[in-house]
Amino acid sequence: MAVQLAGCKDSNAEVMVPQVEIAEKPQISQTEEQKEALLDPESEAGTVLGEEEITVMTPEGEPRTALYQRIRGNGDFSIAYDAERFEMTASAQELRFAPADREAVQSESSLSEETDSVFLSIRREDAPSAEELADQYVAESGEECSVEEVTVGEGEYPAVWVSYAEGTSPESRSCNLYVFRYNKVLYVAQLDCTVGDTAALAELNTMFSTLRFDEG
């Protein structure tokens, strides 16, 4: 996920940009059914397209290997996630990922005690432009927001990033919204956790960094 710094809006606070690095090119494994689903544009959101063994960098800078499951998105994209650690729900309008098991997840990271507050959502929205929708999120948040132009996903797709926190304590909610358009469809990716839970945010960003649109 590349970040291009731009002017901040409504905030003088320093923004901590999550650093996500894929250490190696993913190794993809597919069954024949999964290959057919990959080529079928009518396959439903959440359809499994294969598995990828990837090596990601932990916040401490150490490599960790994980088996990610790539699925069809709710649009012309796919995304990969750790199916052992996260649950996925899918519809035509939204994909949502949340920790599957609190104890299993916490054994390897410091994900929040309240797992409902930790999630990645990718949804389709209807608005004239990404910029106008980002402005709407800023107005509705009631918080001091930072707004930047960034690139997201494997293809470095342009997006508007809105970030804010509902307080300064470690338990306060932290929200990151990425608004982007592809093939005339407007999407919003929302990454929620708590201010003090940097490990959770890094893991959500790792999943989001695997976003890949079908450019064929």
I'd like to know if the side chain of N205 and the backbone of L201 have a donor-acceptor N/O pair within less than 3.5 Å. yes
Mark yes or no for whether N74, through its side chain, and Q93, through its backbone, hold a donor-acceptor pair below 3.5 Å. yes
May I ask you to check whether over 12 heavy atoms, not counting those of E125, lie within 6.0 Å of atom CD? yes
Please tell me whether F97 and Y81 form a close aromatic pair, meaning their ring centres lie under 6.0 Å apart. yes
Closest heavy-atom pair and its distance - G75, R124: CA-NH1, 3.6 Å
Salt bridge flag under 4.0 Å for residues E203 and R85: yes
To check you understand the geometry: which heavy-atom pair defines the closest contact between G167 and V195, and what is its length? O-CG2, 3.9 Å
Between P158 and F180, what is the shortest heavy-atom contact and its length? O-CB, 3.3 Å
Counting the benzene-type ring for Trp, do F77 and Y182 have ring centres under 6.0 Å apart? no
Is the shortest heavy-atom distance from the side chain of I122 to the side chain of V188 under 4.5 Å? no
Donor-acceptor contact below 3.5 Å, side chain D82 vs main chain E84: yes
Nearest non-hydrogen partners of L186 and S129, listed with the distance: CD2-O, 4.2 Å
Donor-acceptor side-chain pairing of S169 and S172 below 3.5 angstrom: yes
Would you say the ring centers of Y178 and Y187 fall short of 6.0 Å from each other? no
Between R96 (side chain only) and E87 (backbone N and O only), is there a donor and an acceptor less than 3.5 Å apart? no
Where do E144 and Y164 come nearest, in terms of heavy atoms and distance? O-CB, 3.6 Å
Side-chain heavy atoms of V118 within contact of D192, under 4.5 Å: no
Inter-residue atom distance M88.CE - L120.CG, 0.5 Å rounding: 12.0 Å
Please check: side-chain N/O of Y157 versus main-chain N/O of F213, any donor-acceptor pairing under 3.5 Å? yes
Look at E53 together with R70 and state whether they make a salt bridge at an N to O cut-off of under 4.0 Å. no
Using side chain to side chain contact (heavy atoms under 4.5 Å, CB included), reason through L204 and F208 one step at a time and then give a plain yes or no. CA-CA 6 Å; L204 296 177; F208 186 40; over 6 Å; no
Sidechain N-carboxylate O distance under 4.0 Å for R212, E156: no
Identify the heavy atoms of F86 and P99 that sit nearest to each other, and give their distance. CD2-N, 3.6 Å
Taking the side chain as everything from C-beta on, heavy atoms only, tell me whether T47 gets closer than 4.5 Å to I71. no
